[in-house]
Enquirer: 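Please see the structure below; I have some questions.
Reminder, nothing fancy here: chain letters follow the sequence lines and each chain counts from 1.
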There are 2 protein chains.
Amino acid sequence: MSQSKQRRISMADVARLAGVSSQTVSRVSNGHPSVIGTTREQVLKAMRELGYRPNSAARALKRGEFRTIGVILFTLSSTGNSRTLEAIANHAAAEGYAITLIPVAVPTQDSVLGAFTRLGELAVDGVIVIMEVHLLDAATVTLPPHVQVVVVDSDAGDRYSVVDTDQADGAGQAVTHLLELGHETVWHITGPRESFASSRREQAWRQALEAAGRAVPTPLHGDWSAESGYQAGLMMAEDPSCTAIFAANDQMALGVLRALHDRGRSVPGDVSVVGFDDIPDASSFIPPLTTVHQDFAEVGRRCVQGVLRQIDRGEPEHGTTLVPTRLVVRESTATPRVAA
Amino acid sequence: MSQSKQRRISMADVARLAGVSSQTVSRVSNGHPSVIGTTREQVLKAMRELGYRPNSAARALKRGEFRTIGVILFTLSSTGNSRTLEAIANHAAAEGYAITLIPVAVPTQDSVLGAFTRLGELAVDGVIVIMEVHLLDAATVTLPPHVQVVVVDSDAGDRYSVVDTDQADGAGQAVTHLLELGHETVWHITGPRESFASSRREQAWRQALEAAGRAVPTPLHGDWSAESGYQAGLMMAEDPSCTAIFAANDQMALGVLRALHDRGRSVPGDVSVVGFDDIPDASSFIPPLTTVHQDFAEVGRRCVQGVLRQIDRGEPEHGTTLVPTRLVVRESTATPRVAA
DNA sequence: CCAGCCGATGTTTACGTAAACATTCGCTCA
DNA sequence: TGAGCGAATGTTTACGTAAACATCGGCTGG
């Protein structure tokens, strides 16, 4: 590797300088109580003097644990994933755990399998998986048996510990809000078919309409992108009976707003629009977007709690934890003009 | 920890089953050439049978390297940071390196110092720092001497290896574009004062105007958020002489668009607006935003290249690598009405 | 006053791997 | 034909830490 590779300072070095045994250094390093004050001071002084740092590899080898959690996901380009990851990182750090990121380039079973195989050799005590679960069907068998798993964005509560936003409740709130304003029914733009979150939102939208005895328009399918929302919005703008649109995320809602604007239909005068996520920019859309707020920080927090609890107990858990959502009403929704 | 903690399969176990020494297992595991075919097969078979996985802690301890890069940053909520991180993760994975994420909750020297101290004990061979460099002045001394550093979003090229977007060139392109359209001068909304990227963009904006012999309006200060852009936009909307605005990022430009819309000033009819970043949503703003495209993927790639090169050579490098930008002209800019 | 106990510290050992060195054996070439 | 070489594999050792066990005193209580 290098010529400048003078061996790192080890406990033995500190011990020699402090005139104690390396075991005493170990005890000081770990805050063990049975070291007397003066000795402790000597050791700490020697540590400072030499710039000693514990070697985490040796520590991990000895203790059999890495104090590290792996996070495996496809992309960080979606707000949700980044925010969740950030929350995970923060909470893990607070618990003294490090985060190792395992990116999966393409969402195929093969590449997921590859990621899990790498993971098997990686120094992690637990894994948080942020992806649709059918993709990891073949994969989890390749995990070392003692690695604990928590899954986000999935309905695999029967097999894993799952944490997720309460998609159904959020979508229900969105539809109910629009119906209560007086809209006859609510159109819907879904996310990509593979997405669990998307199909859950679609299902809840459908149920809410059916429960209210309303017609269920054929949903249009997007891919989370603003551009796909724009395309769907253009089609909906053609139909004068469409007065209320629920887009499965804020980005697609942004595209819808632009499509309606381009077609000369006013929001919320002619058409009301609701999104999902409550990204920071949503309040600056034209007009400011009514949307379902997701608490990504809480999702991340519960993920970390979940893995740590499983690591601690040494056995996997099952079941789903849902994080509540909250409808944020801004200016993109109103009573329909015809009904007024 | 747990009752189910039956020791992991080690080389010794594989060796026993295959009827060879553990050293031979090691050689097979590392693809060493001097193992004969039949022996290799036996070992591989035993590995499969037992589900053997190398213990990365032991491996790291023995080899003195972790094949891991630490990434330290404040927040993932900015598009730029997430995208850069994603690119870093992908390229690191391609090189067989893992990524450890070190989040810093608040941008104070103290917490940065804390992060670096933790980092010092962490199993990393190199570090990529995504933050303004003055914050780590006190910090780097706490790093073990053999840990290599690459910095993003900073001008510390004299002390570290720095990779960054060519902020100056991008801002220059934005201003030049507006002047060439016939605008008398260009207003500017900056990012937060602590941001290196922001001050670099502001500086280049000023220089471009001065070079063209134009008046330099007093810039307004934002904080990257759409809301701060909205506030600044409201003020600029009051001034009829303001026909061209360069916002230091797309989110603030979004706020500006809404402010102008709210005040009845048309874009680009009355006022032209340019942003910076080219976030995916920018093409769906109303109107689609002309903006400076940043190649975050390339920034991430060069960061990884940089650390790996330093790790390989075993010595730090200096100097700055700039990643070019590109102006993406959409519909938010036009020749000013008065000049037409 | 001394047995015994406990607090403070030292010694030994093991974690899993891989480099360095040792051994074995078949084959080549003088 | 046997010295010598090299390929294949085995043995020893060290990486840095921390658990387990060992030791050494001084203090307490009967």
Enquirer: Distance check: side-chain N/O of B/S29 vs OP1/OP2 of C/dT17, anything under 4.0 Å?
Expert: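 So the side-chain polar atoms of B/S29 never come under 4.0 Å of the phosphate oxygens OP1 or OP2 of C/dT17.
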Enquirer: For A/I36, report the nucleic acid contact type (base, sugar-phosphate, nothing); a contact means any heavy atom under 4.0 Å.
Expert: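 Sugar-phosphate contact only.
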Enquirer: Does any N or O donor sit under 3.5 Å from an N or O acceptor when you compare the side chain of B/R53 with the base of C/dG16?
Expert: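 Result: no qualifying N/O pair found.
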Enquirer: Whole-Å distance between D/dA19 P and A/L61 CG?
Expert: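 Between P of D/dA19 and CG of A/L61: 13 Å.
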Enquirer: With no hydrogens and no angle check, just 3.5 Å: does a side-chain donor-acceptor pair link A/R59 and A/S29?
Expert: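 There is such a pair between these side chains.
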Enquirer: Would you indicate, yes or no, if C/dC15 has its OP1 or OP2 atom less than 4.0 angstrom from a side-chain nitrogen or oxygen of B/S10?
Expert: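 Answer is no, no contact under 4.0 Å.
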Enquirer: Using the closest heavy atom to pick a nucleotide of DNA chain D for each, name whichever of B/A58 or B/Q23 lands nearer the 5' end.
Expert: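 Of the two residues, B/Q23 wins.
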Enquirer: Could you tell me the separation between the CG atom of B/N55 and the C1' atom of D/dG16, rounded to a whole number of Å?
Expert: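 Interatomic distance, CG of B/N55 to C1' of D/dG16: 14 Å.
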Enquirer: Need one value for A/V25: base, sugar-phosphate or nothing, where a base atom within 4.0 Å counts as base even if backbone is also close, heavy atoms only.
Expert: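 Result for A/V25 = nothing.
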Enquirer: Reckon A/S22 touches a base, only the sugar-phosphate, or nothing at all at heavy-atom distances under 4.0 Å?
Expert: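 Result for A/S22 = nothing.
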Enquirer: Which atom pair, heavy atoms only, marks the closest approach of A/Y97 to A/I69?
Expert: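 Shortest heavy-atom contact: CD2-CG1, 3.8 Å.
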Enquirer: What integer distance in Å separates B/Y52:OH from C/dG16:P?
Expert: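 In whole Å, C/dG16 P lies 10 Å from B/Y52 OH.
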Enquirer: Quick one: is B/R63 getting a side-chain N or O under 4.0 Å of the C/dA18 phosphate, OP1 or OP2?
Expert: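 Indeed, a polar side-chain atom of B/R63 lies that close.
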Enquirer: Going through the distances and angles, do A/E41 and A/K45 end up as a salt bridge (charged side-chain N to carboxylate O under 4.0 Å, His left out)?
Expert: CA-CA 6 Å; A/E41 282 313 317; A/K45 177 156 166 289; over 6 Å; no
Enquirer: Please tell me which of A/K62 and A/R27 maps to the more 5' nucleotide of DNA chain C, matching each residue to the nucleotide holding its nearest heavy atom.
Expert: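 Going by which nucleotide is closer to the 5' end, it is A/R27.
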Enquirer: Does the pair A/R16/A/D13 count as a salt bridge with the N-to-O cut at 4.0 Å?
Expert: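 Result for this pair is yes, salt bridge flagged.
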Enquirer: Mind checking if A/T24 touches a base, just sugar-phosphate, or nothing, with heavy atoms under 4.0 Å?
Expert: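 The residue A/T24 makes sugar-phosphate contact but no base contact.
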Enquirer: Within this structure, what is the CD1-to-C1' distance between B/I9 and C/dC15, rounded to whole angstrom?
Expert: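 The distance from CD1 of B/I9 to C1' of C/dC15 comes to 15 Å, rounded to the nearest Å.
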Enquirer: Please state how far atom CZ in A/F66 lies from atom P in D/dT17, giving the value in whole angstrom units.
Expert: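 Result: 16 Å.
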Enquirer: Starting at CG of A/D13 and ending at C1' of D/dT17, how long is that distance when rounded to a whole Å?
Expert: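 One finds 13 Å between C1' of D/dT17 and CG of A/D13, rounded.
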